Structures are given as structure tokens and as C-alpha cells.
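Since the structure comes first, as C-alpha cells, the remarks are kept for the end.
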Amino acid sequence: MIKRYIVEVCRELVKKKLTHGSSGNMSVFLRDKGLVFITPSGIRYIDMLPEQIAVLTLEGKQVEGDYKPTIETPMHLTIYRNRPDVNAIVHTHPVYTSALAIAREPLPPVTEEFIIYVGGTVDVAKFGGAGTQELADNVLEALKDKKAAIMPNHGLITVGKDLKEACFINEVVEIHAQMYLMAKIFGKAFSIPEDAISRWKKVYYQRTRIKEY
Ligand SMILES: [Zn+2]
């Protein structure tokens, strides 16, 4: 059931042009069972089958599936170990956010709703090679208590209490990256003012209960 759902969501992401081919990866953590369901390495989303989804323990031991899990498995496991509010992770290579990743430019809160959903500026993580623990630690640091981070020269990672939320945040960030870059064509792009940021950050904490741990 959950494996089929993951495959369906992957195809949705391709349709929405948030990712393409086999690039990116996603996972769901069933916290009560201690199991991580994660996409396999190198299989195109349009060809991916539910039985190819790998099932791992939080320590990374594969307990189900004959296919190797994504190279970015350390990043997924590190986030689940350190963020009790996160039960799903979506990593994509969407065009506008990836352009910011190449420029190594953070995405500031340019609308009020952005804070409510994402929690604040989407920071650029320090560089780490694909699949390394270094990248995993750097991404965790950039995420802080928020729901998105930019992977330098790479792409976008978003997290959520479930897969639906992690995908939604992925879309929210990419649309805002597009709006931000379009505004920059006019020579300026303003972040919302500080008092509005702190007002909506309170709402973010109320929604996510992140401040409780
Ligand atoms: Zn990637």
C-alpha cells in the first residue's frame, strides 16, 4: 500500500516538473514500526514498481526489497534521527530552485504564506558530495527547524509530517523560487518585513509544534 503510494507520488512530481528521469529521491518513515520506505537507486520514476521500494531500519539495514536504496540514504536517515516532526522527505531537482542552488543563493520569505508553510528563509547547505554523510550533516544544519533546504549545485530537499506535506512544500518552494527570480529581473526583490516574519513564524510553530522539543 505505502509502496504503491510512493510510486504514484513520484510520478506526480515528474508530471509537475519538480523532477525528471530518475533524479531525486523520496522516503516515508513509519515511526511506530521503525521502518523507512525509500526509492531505489537509478530507476526512472515512470518505470518504477512498488516492489522496488527498499525498506530499511533507521540504522540503514535493508530488510525488504532486492534493489539498492538511493545514494542519498544517509541524508534521509540522518534527518529522521534528528527531527521527530519529520515522517517524509522529498528531494528533487526543480529548475528554479536548482538555479538558486547553483548561484548558492538562499530563498528569502517573499510572501507571508511562505513562512507559515516553510518556516523561514530556505538556506543553502554547505557543499558535500552526493551520498556522503558530510552532505547529510550539512543539509540537517541548513534545515534547522524549517521544512526545506537548498543543496548547493544540486537541488531541493523538503520534509513533512507526511508525504503529502513534503510534496506540497516542494511545490511551494519551487513556485516561490520562480517568483523570486522573476522579480529579480526587475532589479529588486523584497523579503516581507521582520515584524510580519515573526508574526507568521509563531503560526508556523503552532502548526508544527516544533518548539516543543
Ligand atoms: Zn539529487
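Atoms within a ligand are numbered from 1 in the order they appear, just like the ligands themselves. All figures in this text were calculated on a predicted structure; none of them were measured in a lab. For reference, positions follow the sequence shown, starting with 1.
A donor-acceptor contact closer than 3.5 angstrom links the side chains of Asp145 and Tyr205. Neither side chain, Thr208 nor Asp85, offers a donor N or O lying under 3.5 Å from an acceptor on the other. Donor-acceptor pairing under 3.5 Å is recorded for the side chains of Asp137 and Gln133.
Looking only at protein N/O/S atoms, the ones less than 2.8 Å from the Zn ion (ligand 1) make 3 in total.
Aromatic pair His154/His91: centroids less than 6.0 angstrom apart.
In this structure the side chain of Val172 never reaches within 4.5 angstrom of the side chain of Thr158, judged on heavy atoms.
Residues satisfying the side chain to side chain contact (heavy atoms under 4.5 Å, CB included) criterion with Ser98, sequence neighbours excluded, are His93, Pro94.
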